[in-house]
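Contents: one structure, followed by commentary.
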Amino acid sequence: MQLGRMGTVVMHSDTESQVERSAAVAAPAFDPEGPFDPLVDLDGLWTPELADRYLPIPGMPPAKYECLDGKLIMSPREGTANMFAVWQLGKQLETAADQAGHHFYLTVNVLLDVQKWIEPDFVVLRRPGHGRMWIPPDDVLLVGECVSRSSKHNDRVNKPGMCGEAEIPYFMRVEVNYRSRRVEVELLRLENGKYRTEAVGSEAERFETDLPFQLSLDPAELLER
């Protein structure tokens, strides 16, 4: 449980309740005579309800939409090196997660609070999504990010911090440098409110872990050919 904006009590286990409460957050005030621009007029007010209504922004290039305290964060889609790494890693994660009774997904909306959500590159859920648009943190076993230059601080600092606060047990970080042919995969486990390294691998060192399920892979295979 967390306190949302305006003192609203937010129960992480009830996504529908969070989305409904989002409608109670300060209503947008628009100039009825001026043109409506959601990026301007909804700044600081974004909720899942408004996201469902106005996103994606028409005419804008494809982007990842995330939100921190009602402020929309837009980042460009990944380059081919990161996309290749996520795709290759995902195939192995899907098999390993499925064997342990979990469920692998590429990009989904993880709702951390009424006005806070992230769109990880991949996740492992404790139970199937069943077509849901917004996933509560209680359903998330692992969040994964492939670090890019445009979101390096966000992927390395902000997101682990937010996921730790939401008590998501595992965070996986992948970093690829296509030019130097280097890659690193790091698995972090939540311990006493902070993430600590559980396993690490690179283009020169195999990645091995038994938690949260058994996984063994050669990170060099994540490098785009």
- [ ] Give me the ring orientation class for Trp117 and Trp134: parallel if the planes are under 30° apart, tilted from 30 to 60°, perpendicular past 60°.
- [x]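 It falls in the perpendicular class, over 60°.
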
Open item on the list: Does the plane of the ring in Tyr54 sit parallel, tilted or perpendicular to the ring in Trp46? Use 30° and 60° as the thresholds.
Closed with: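 Answer is perpendicular, since the angle exceeds 60°.
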
Can you find a pair of side-chain heavy atoms, one from [X] and one from [Y], that are under 4.5 Å apart?
X: Leu72; Y: Leu55; result: yes
X: Phe122; Y: Glu145; result: no
X: Leu93; Y: Leu215; result: yes
X: Leu142; Y: Ile168; result: no
X: Phe84; Y: Leu222; result: no
X: Pro136; Y: Leu111; result: no
X: Arg156; Y: Arg173; result: yes
X: Lys64; Y: Asp121; result: yes

Salt bridge between [X] and [Y], side-chain N to carboxylate O under 4.0 Å?
X: Arg206; Y: Asp218; value: no
X: Asp138; Y: Arg126; value: no
X: Lys116; Y: Glu66; value: no
X: Arg196; Y: Glu186; value: no

Task: Stepwise side chain to side chain contact (heavy atoms under 4.5 Å, CB included) check, Tyr170 with Val143 - done: CA-CA 6 Å; Tyr170 293 91; Val143 161; over 6 Å; no

TODO: Start with the C-alpha distance between Leu89 and Met172, add both sets of side-chain angles, then the distance that settles side chain to side chain contact (heavy atoms under 4.5 Å, CB included), and finish with yes or no.
DONE: CA-CA 11 Å; Leu89 176 60; Met172 181 174 280; 3.9 Å; yes

- [ ] Go through Val200 and Glu184 one step at a time and tell me if the side chain to side chain contact (heavy atoms under 4.5 Å, CB included) criterion holds.
- [x] CA-CA 7 Å; Val200 64; Glu184 181 176 274; 4.0 Å; yes

Open item on the list: Quick one, Lys194 with Glu165, criterion salt bridge (Lys or Arg N to Asp or Glu O under 4.0 Å). Give me CA distance, side-chain angles, the key distance, then yes/no.
Closed with: CA-CA 9 Å; Lys194 293 184 179 181; Glu165 289 178 3; over 6 Å; no

TODO: For Glu205, check side-chain hydrogen bond (donor to acceptor under 3.5 Å, both in side chains) against everything at least two apart and list the hits.
DONE: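 Expected list: none.
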
Task: Residues Ser180 and Asn177: side-chain donor-acceptor under 3.5 angstrom - done: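 Short answer, yes.
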
